[in-house]
Amino acid sequence: MSDFRSVEEQQLRILDRITRAAVRAVPLAEAAGRTLAEDAQARSAVPPFDNSAMDGFAVRFEDVANASADEPVRLRVVADVPAGSDLDPEMPAGSAVRIMTGAPVPSAADAIVPFEDTEGGLADSLDTAVVRRAPRAAGTFVRRAGDDVAPGDRVLPAGTLLGARQLGALASAGIAEVRVSERPRVAIVSTGSELVTPGSPLSRGRIPDSNGILLAALAEDAEAEVVLRVVVDDEGAGPAEAVREARTHGAEVVVFSGGVSAGAYEVVRQTLAADMEFVRIAMQPGKPQGFGVTEDGLLLFGLPGNPVSAAVSFEVFVRPALLAMQGRTAVHRPLLRLPAAVEWGTPPGRRQYLPAVIDRSDPAAPRVRPATGGGSGSHLAVGLGAAEAYAIVPAEVERVSGGDLVDVMEL
Ligand SMILES: Nc1nc2c(c(=O)[nH]1)N[C@H]1C(S)=C(S)[C@@H](COP(=O)(O)OP(=O)(O)OC[C@H]3O[C@@H](n4cnc5c(N)ncnc54)[C@H](O)[C@@H]3O)O[C@H]1N2
Ligand code: MOO
């Protein structure tokens, strides 16, 4: 197996050649799915001011420290502070301020008594408050300014993928605009004289171009922008023409599928040898791989044509490159380690990436099993649709037995 290159070595060679995408400022509303290019610092504290966690009364703790159902404490209500108010009323001894959740706590108050702990509750709240239960301590139900972050604190580090929770965090810290990496522009090129548009009638020898759809969707999942999707046949200068067309669409990456192995019509291998290296990787599926960079910096990936091979190869080589271009901190998916639910065979001498499902029937003991009865056949394009993970089995393992612990990459 000495002429097989390891997955890790190929990944390193690829990551070594990527360049970082340009950075630009976008409003938060356009930042979903983008990668933060610089640390984001809070512009305002969260919360920005001391505020009430409950609807009720702001009080001076010492006034009500001994309140109980048997000996309730009567307070005079001197003001009403709804959320959004900028009032900061004076509070003489024995007074209370009616206050709503999120409203600023008067400077003179140091605890909140919820309506539920008073006799009259909300119904009788603008005149007197009769406190029947003392707050536990000074500070009860007061949410302090800066509890979450202070101005200037780092909200999120560079390299973070901005999803809903991250965008909410940025907005709450007073940030309106973030500097993010541009999406890498990708061209998807299917090669094969057998390919027809999905849904077209299939004459003998013809199959639908499923890789075009698959790889474009995977690229979009990796937050890339697909600028071109074409099919070229197995003879002639189609791949080189596709590279030229990709350039005119501003592509930075071209992903080919098919035409990279050992046959008579390996059109990618035969026509792009000057710009790409073709190697065999110790993995299954995904053994034949092509990769290179043109003189003008276009990244060219030559993935094998079998649909499962193309999907796995994208996951292992293309996705990390697209994420690295965006400056993403985590370019490899995290792995779980789960027991196998059944036994299955693995190819000798190559690391297996098996389309798999996670059996969660016992939530305390999830297990991994093959997604299809056909195991890791690289042509099982429909079985791939059932997969939610790849089970990754080391090259030296020849058979996985039920109960063996297996690395699992959730997709
Ligand atoms: N003599 C050898 N033959 C093969 C070897 C080898 O080492 N020696 N490797 C095998 C392995 S492993 C793989 S994987 C494939 C890779 O082949 P290619 O990348 O050259 O791809 P093609 O031959 O063009 O196609 C393979 C297979 O995939 C289907 N295909 C291609 N494009 C699409 C598409 N866009 N959508 C759906 N399906 C597609 C194609 O029809 C073939 O069935 O080579 C083995 N052979
Ligand atoms: O490596 Mo091929 O990708 O086995 O099917």
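For clarity, every value in this text was computed on a predicted model and none was experimentally measured. Numbers for residues simply follow the sequence, beginning at 1. Order of listing sets the numbers, starting from 1, for every ligand and every atom in it.
- Polar contact with ligand 2: present for Gly286 (N/O pair, distance under 3.5 Å).
- No side-chain N or O of Ser193 forms a donor-acceptor pair with one of Glu235 less than 3.5 Å apart.
- Short contacts between ligand 2 and Gln284, defined as distances under 4.0 Å to a heavy atom of the residue, involve ligand atoms 4 (O).
- Atom 41 (O) of ligand 1 has its closest protein heavy atom at Glu194 OE2, 2.6 Å.
- The ligand atoms of ligand 2 that sit less than 4.0 angstrom from a heavy atom of Ser378 are 5 (O).
- Of the heavy atoms in Ala262, only side-chain atoms (C-beta onward) come closer than 4.0 Å to ligand 1.
- A salt bridge links Arg24 with Glu182: the distance from a Lys NZ or Arg NE/NH1/NH2 to an Asp or Glu carboxylate oxygen falls below 4.0 Å.
- Between Arg367 and Asp359, at least one side-chain N (NZ, or NE/NH1/NH2) sits under 4.0 Å from a carboxylate O, which counts as a salt bridge.
- On a distance-only criterion, Arg280 and ligand 1 share no N/O pair closer than 3.5 Å.
- Using a 4.0 Å cut-off between charged nitrogen and carboxylate oxygen, Arg206 and Glu194 do not count as a salt-bridge pair.
- For ligand 1, the polar-atom distance check finds an N/O of Gly259 within less than 3.5 Å of one of the ligand's N/O atoms.
- Contacts between Arg350 and ligand 2 below 4.0 angstrom, taking non-hydrogen atoms only, involve the side chain exclusively.
- Any N or O atom pair closer than 3.5 Å counts here, and Pro288 shares no such pair with ligand 1.
- For ligand 1, the atoms lying closer than 4.0 Å to a non-hydrogen atom of Asp209 are 34 (C), 35 (N), 36 (N).
- Side chains of Glu398 and Thr346: a donor-acceptor N/O pair is absent below 3.5 angstrom, by distance only.
- Residue Pro285 does not touch ligand 1, judged by heavy-atom distances below 4.0 Å.
- Enclosure of atom CZ in Arg133 is not indicated, since only 12 or fewer non-hydrogen atoms of other residues, nucleotides or ligands lie within 6.0 angstrom.
- Here the CZ atom belonging to Arg34 is positioned 15.0 Å from the OG1 atom belonging to Thr160, to the nearest 0.5 angstrom.
- For the atom pair CG (Leu300) and CG (Asp275), the distance works out to 6.0 Å, reported to the nearest 0.5 Å.
- Within a 6.0 Å radius of CD in Glu90, other residues, nucleotides and ligands contribute 12 heavy atoms or fewer.
- A salt bridge is absent between Glu396 and Arg350: the closest approach of a Lys/Arg side-chain nitrogen to an acidic carboxylate oxygen does not fall below 4.0 angstrom.
- In summary, the atoms of ligand 2 found under 4.0 Å from a heavy atom of Ser309, numbered by their order in the structure, are 2 (Mo), 3 (O), 5 (O).
- When hydrogens are left out, the protein atom nearest atom 7 (O) of ligand 1 is Lys287 NZ, 2.8 Å; that is the closest non-hydrogen contact.
- Nearest protein heavy-atom neighbour of atom 15 (C) of ligand 1: Asn306 ND2, 3.6 Å.
- When the heavy-atom distances from atom 45 (C) of ligand 1 to Ser257, Ser261, Pro307 are ranked, the shortest goes to Ser261.
- Distances between N or O atoms of Ser210 and those of ligand 1 include at least one value under 3.5 Å.
- One finds no salt bridge joining Asp110 and Arg60 here, because no Lys/Arg side-chain nitrogen approaches an Asp/Glu carboxylate oxygen to under 4.0 Å.
- In terms of protein heavy-atom proximity, atom 33 (C) of ligand 1 is closest to Asn211 ND2, 3.3 Å.
- In Lys287, the parts holding a heavy atom less than 4.0 Å from any atom of ligand 2 are both the side chain and the backbone.
- Contacts between Val231 and ligand 1 below 4.0 angstrom, taking non-hydrogen atoms only, are absent altogether.
- Within 6.0 Å of the CZ atom in Arg144, the count of heavy atoms belonging to other residues, nucleotides or ligands exceeds 12.
- By the criterion of a heavy-atom distance under 4.0 Å, the side chain of Glu266, and not its backbone, is placed next to ligand 1.
- Against a heavy-atom cut-off of under 4.0 Å, Ser190 is close to the following atoms of ligand 1: 35 (N).
- Each of the following atoms of ligand 2 lies closer than 4.0 Å to a heavy atom of Asn306: 5 (O).
- Under 4.0 Å from ligand 1, heavy atoms of Pro304 appear from its side chain as well as its backbone.
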| Do Phe115 and Phe57 pass the ring-ring contact (aromatic ring centres under 6.0 Å, His included) test, and can you show the C-alpha distance, the side-chain angles, and the key distance before you say yes or no? | CA-CA 7 Å; Phe115 287 131; Phe57 300 96; 5.3 Å; yes

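- Contacts of Ile207 with ligand 1, taken as heavy-atom pairs under 4.0 Å, involve the side chain alone.
- In terms of N/O distances under 3.5 Å, ligand 1 is approached by Gly305.
- Protein non-hydrogen atoms do not reach within 4.0 Å of atom 10 (C) of ligand 1.
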